[in-house]
Amino acid sequence: MPELPEVETIRRTLAGHVTDVRVRAVRLIWPGAFKGWGEQDFAEILTGRRIERVERRGKYLLLHLDEGWSLVAHMRMTGRLLYYPACQEVGPHTRGVFELERGELHFQDVRKFGRIQALPTEELNELPGIAALGPEPLEREFTPDVLRDRLRGKKACLKSALLDQRVLAGLGNIYTDEALFRANLHPERPAGSLGEEEAKVLTAAIKEVLSAGIEAQGTSFRDYRDADGRKGEFQRSLQVYGRQGQPCAVCGETLVRKRLGGRTTVFCPACQA
DNA sequence: ATACTCCCCTGTGGGC
DNA sequence: TGCCCACAGGGGAGTA
């Protein structure tokens with residue numbers, strides 16, 4: 001579930017707690033979630049390092065450490081990074097604990113899809129997944145022309161193309177459906193068929209829906225929590241996601257659910273031409 | 001290259 | 001009440 005607005009909210013809540021804080025020890029409860037670098041063990045790399053900066057790229061959370069090391073974390077579906085100011089007993093889904101100079105960081109993940117990798121900061125941009133990421137949709141550089149350019153020639157439907165992190169970084173199932181609804185665009189439109197005006201409307205819709213998501217501190221449809229364990233509020237503003245069978249807030253038509261590219265998609269058959 | 005499907009996991013909830 | 005199974009969805013691997 002964590003998409004750009006959720007990861008950004010985790011980043012902000014986390015940064016306030018762990019910036020300039022040293023890692024005292026690491027306890028890996030389910031080591032499968034953690035990966036070191038070369039011969040070096042994850043815990044070995046991390047122990048004694050100071051967290052200097054917390055950044056985000058797409059849905060990746062980046063923790064830059066001293067001595068030229070970084071952590072790259074991806075929450076996938078159910079991952080959580082929770083900060084506790086004092087010692088905290090581990091829960092049933094805690095996969096690892098970072099003991100800090102001040103407090104503890106718990107990586108919790110029901111479905112074990114999430115991953116945290118340690119690597120030299122200079123290797124970050126070579127990492128498959130990061131290297132191929134498209135532009136940040138909230139940056140000024142992300143314009144309608146850029147979007148249209150990246151969708152040009154694509155035969156896949158708009159919904160699938162927008163989920164492709166190489167096209168742009170950070171959209172997931174929830175915000176893609178919401179953006180397409182706000183742009184009045186049908187999710188099955190061929191991605192490459194977008195006109196100039198449509199690209200303009202879609203770009204604005206993407207920026208708006210992501211900004212609103214961050215403003216609301218994310219969408220807690222089910223699992224998502226920020227680093228303080230708090231839920232977001234954007235689920236209250238969702239117009240289509242999870243609302244199949246209910247009336248469209250704009251025209252009253254019944255919202256339709258359809259599987260596109262293996263993902264559940266909800267849209268208004270009347271508003272989204 | 002592109003566009004699919006499958007798989008990784010576990011908890012939840014609907015149907016019978 | 002209990003059982004079964006589809007479903008949740010990000011992304012990497014595999015396939016045509």
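Atom set for the values below is all heavy atoms of this structure, side chains included, hydrogens, waters and symmetry mates excluded. Residue numbers begin at 1 in each chain, while the letters A, B, ... track the order of the sequences.
- Among the nucleotides C:dG11, B:dA3, B:dG11, the one closest to any side-chain atom of A:Lys59 is C:dG11.
- Using a 4.0 Å heavy-atom criterion, one finds that A:Arg257 contacts the sugar-phosphate atoms exclusively.
- Atom CG in A:Leu61 sits about 17 Å away from atom P in C:dG10, given to the nearest Å.
- Nearest to the side-chain atoms of A:His74 among the listed nucleotides C:dG10, B:dT10, B:dC4 stands C:dG10.
- Electrostatic pairing of A:Asp20 and A:Arg50 counts as a salt bridge here, judged by a charged N lying under 4.0 Å from a carboxylate O.
- Summary of the strand contacts: A:Lys154 and A:Arg222 both lie near DNA chain B, and taking for each the nucleotide with the nearest heavy atom, the more 5' one is attributed to A:Lys154.
- Each of A:Phe113 and A:Ser160 lies near DNA chain B, and the nucleotide nearest A:Ser160 is the one positioned closer to the 5' end.
- Here A:Gln165 reaches the OP1 or OP2 of C:dG11: one of its side-chain N or O atoms lies under 4.0 Å away.
- Under the 4.0 Å criterion applied to side-chain N and carboxylate O atoms, A:Glu188 and A:Lys159 are not assigned as salt-bridge partners.
- On the P atoms, C:dC4 is 22 Å away from B:dC9, given to the nearest whole Å.
- No engagement by A:Thr78 is indicated, since no non-hydrogen atom pair under 4.0 Å with the nucleic acid exists.
- Note on A:Ile174: nothing from the nucleic acid sits closer than 4.0 angstrom, heavy atoms only.
- Remark: the A:Glu55 side chain and the A:His64 side chain contain an N/O donor-acceptor pair separated by less than 3.5 Å.
- Taking atom CE of residue A:Met77 and atom P of nucleotide C:dG12, one finds them 14 Å apart after rounding to whole Å.
- Rounded to a whole Å, the CG atom of A:Leu171 is 11 Å from the P atom of C:dG11.
- The CG-P distance, from A:Asp223 to C:dG10, rounds to 12 Å in whole Å.
- A salt bridge between A:Arg95 and A:Asp109 is absent, with no side-chain N of the basic residue lying under 4.0 Å from a carboxylate O of the acidic one.
- Side-chain N/O atoms of A:Arg166 and base N/O atoms of C:dG10 include no donor-acceptor pair closer than 3.5 Å.
- Per the geometry, CG belonging to A:Asp164 stands 9 Å off P belonging to B:dT2, to the nearest Å.
- The aromatic ring centres of A:Phe234 and A:Phe221 sit 6.0 Å or more apart.
- Proximity of A:Arg259 to the phosphate of C:dA8: a side-chain N or O atom is located under 4.0 Å from OP1 or OP2.
- Judged by distance alone with a 3.5 Å cut-off, no donor-acceptor contact links the side chain of A:Arg111 to the base of B:dG11.
- Spacing between atom CZ of A:Phe221 and atom C1' of C:dC7 amounts to 12 Å, rounded to whole angstrom units.
- Spacing between atom CD of A:Gln244 and atom C1' of B:dG13 amounts to 13 Å, rounded to whole angstrom units.
- Between A:Arg115 atom CZ and B:dC8 atom C1' the separation is 8 Å, expressed in whole Å.
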Whenever both distances are under 3.5 Å in a Watson-Crick or G-U wobble pair, mark it; put DNA chain C into dot-bracket that way, with [ ] for crossing pairs and | when the partner is on another strand.
-> .|||||||.|||||||
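- Electrostatic pairing of A:Glu198 and A:Lys200 does not count as a salt bridge here, judged by no charged N lying under 4.0 Å from a carboxylate O.
- A:Lys258 and A:Thr265 are not linked by any side-chain donor-acceptor pair at a separation below 3.5 angstrom, with hydrogens and angles left out of the test.
- Residue A:Lys112 places its side chain closer to B:dT10 than to any other of B:dC4, B:dT10, C:dA8.
- For the pair A:Arg182 and A:Glu208, the salt-bridge criterion is not met [side-chain N within less than 4.0 Å of a carboxylate O].
- Among the nucleotides B:dA3, C:dA8, C:dG12, the one closest to any side-chain atom of A:Ala156 is B:dA3.
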